[in-house]
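These notes are about the structure you will find just below.
Numbers for residues simply follow the sequence, beginning at 1. Just so you know, ligand 1 is whichever comes first in the structure, and atom 1 is the first atom listed for that ligand.
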Amino acid sequence: MKTFEINSALDMHLHLRDGEMLKLVGPHTSNTFVGALIMPNLVPPITTKEALLSYKDRINEACIEDDFDPHVTLFFQNDYSYEFLKDIKDDIIAIKLYPAGITTNSETGVSSMDVEVLRPTLESMSKLGIPLCIHGETNGFVMDREKEFMPIYESIASSFPDLKIIMEHITTKEAVALLDKYDNLHATVTLHHLLITLDDVAGGMLQPHLFCKPIAKRPEDRSALLNAALKAHPKLMFGSDSAPHPKHKKECCGCAAGVFTSPIALQVLTELFEEHDALDNLNAFVSLNAQRVYNLKPIPKTIKLVKKDFVVPAIYERDTEKVVPMYAGETIAWSIEE
Ligand code: DOR
Ligand code: ZN
């Protein structure tokens, strides 16, 4: 049977939530990945050292069965002082910036993306060497939101050449092209954006479990993302953006945005890279690129995948919490070796 090994897999964009949901979903990342960059958009968002460290403790507790490094992040605020950031620098991997109201729990994000408004915090981050992760969407027409954000990435990248910037979960060919224009720009891409377009979400019967922000785009966008991932573009990292929501908040009127992919991420990535004859680049895409961009020394651990059918569970549950994964009930071609 065909096998493939992945060393020290890293997920550089992950939502683990809190409480029961954290206990349910955390182990589905920590059993295959050795580290992840954890998003701070809790309710309320993580903006203090106390909240950050206690969240990290809860993640460690939820993932206690595995050797796993949760790299926690702070929710960007305009009024962080240099002293505050200097004090918290060693406890965070990055700060995540959300434009206000752009996605789940981002209401207290920034209300202006004007570089001059953002300058005080960005200047401190640049001096202290704290990377900036950005959810890059405007309030424009939903299919154009990321493309319209490109000039904002450009103005931040050129105003702060020493600031490491990560364009999170890119979905467009324009974002792929921008990667090569500025030394200090990097990006993450999700599994689902390598696989689906808007057609898969809304072209037939509406698929709530594929609805996410940014929304999946056009075939030519998916091709650009896939080409960059398959060749393991050195500035592109895997970030699942696995974003679980309770089943009743997805299968309802007013569906929450987010695709839950943690339990299938490595298997489906292996299938995708094998299909395109690019398995030689998969370790760079899921680990080595992130190690270089973020200067990480990950826990050594090898995951062996086997080319054997795996039927994705229809649901994952714990107590009253229920969450539906991508490809629920479907068969995928690779499994994690027990
Ligand atoms: O689809 C999404 N879900 N996109 C985001 O930016 C946030 C995430 C979430 O937290 O649910
Ligand atoms: Zn996210």
| message | Distance under 4.0 Å to a non-hydrogen atom of His135: what atoms of ligand 1 satisfy this? | response | 6 (O)
| Carboxylate-amine/guanidinium proximity below 4.0 Å for Glu271 and Lys307 | no
| said: Among all protein heavy atoms in this structure, tell me which lies nearest to atom 3 (N) of ligand 1, with the distance rounded to 0.1 Å. | reply: Ala257 O, 2.9 Å
| query | Centroid-to-centroid, Phe75 to Tyr98, below 6.0 Å? | reply | yes
| query | Quick one: do Asp67 and Lys301 make a salt bridge, cutoff under 4.0 Å? | reply | no
| message | Would you say the rings of Phe285 and Phe273 are close, in the sense that their centroids are separated by under 6.0 Å? | response | yes
| request: Using a strict cut-off of 4.0 Å, indicate which atoms of ligand 1 neighbour a heavy atom of Ala243. | output: 3 (N), 8 (C), 9 (C), 11 (O)
| request: May I ask you to list the atoms of ligand 1 that are less than 4.0 angstrom from any heavy atom of Lys213? | output: 1 (O), 2 (C), 4 (N), 5 (C), 6 (O)
| query | Can an N, O or S atom be found in His169 less than 2.8 Å away from the Zn ion (ligand 2)? | reply | no
| field | Heavy-atom closest contact (Phe149 atom, Glu137 atom, distance) | value | CD1-N, 3.4 Å
| field | Ion pair Lys23/Glu61, N-O distance below 4.0 Å | value | no
| note | Note: heavy atom closest to atom 11 (O) of ligand 1, options Arg17, Glu137, His15, Met39, belongs to Arg17
| message | Counting only heavy atoms closer than 4.0 Å, does ligand 1 sit against the backbone of Val259, its side chain, both, or neither? | response | neither
| query | Are any N, O or S atoms from Asp241 nearer to the Zn ion (ligand 2) than 2.8 Å? | reply | yes
| So, for His169 and His193, is the gap between ring centers shorter than 6.0 Å? | no
| Atoms of ligand 1 less than 4.0 Å from Cys212 heavy atoms? | 1 (O)
| remark: atom 7 (C) of ligand 1 sits nearest the protein heavy atom Thr103 OG1, 3.2 Å
| query | So, is Tyr98 polar-close to ligand 1, with some N/O to N/O distance under 3.5 Å? | reply | no
| query | Is the ring centre of His28 less than 6.0 Å from the ring centre of Tyr316? | reply | yes
| the Zn ion (ligand 2) reached by His135 (N, O or S, under 2.8 Å) | no
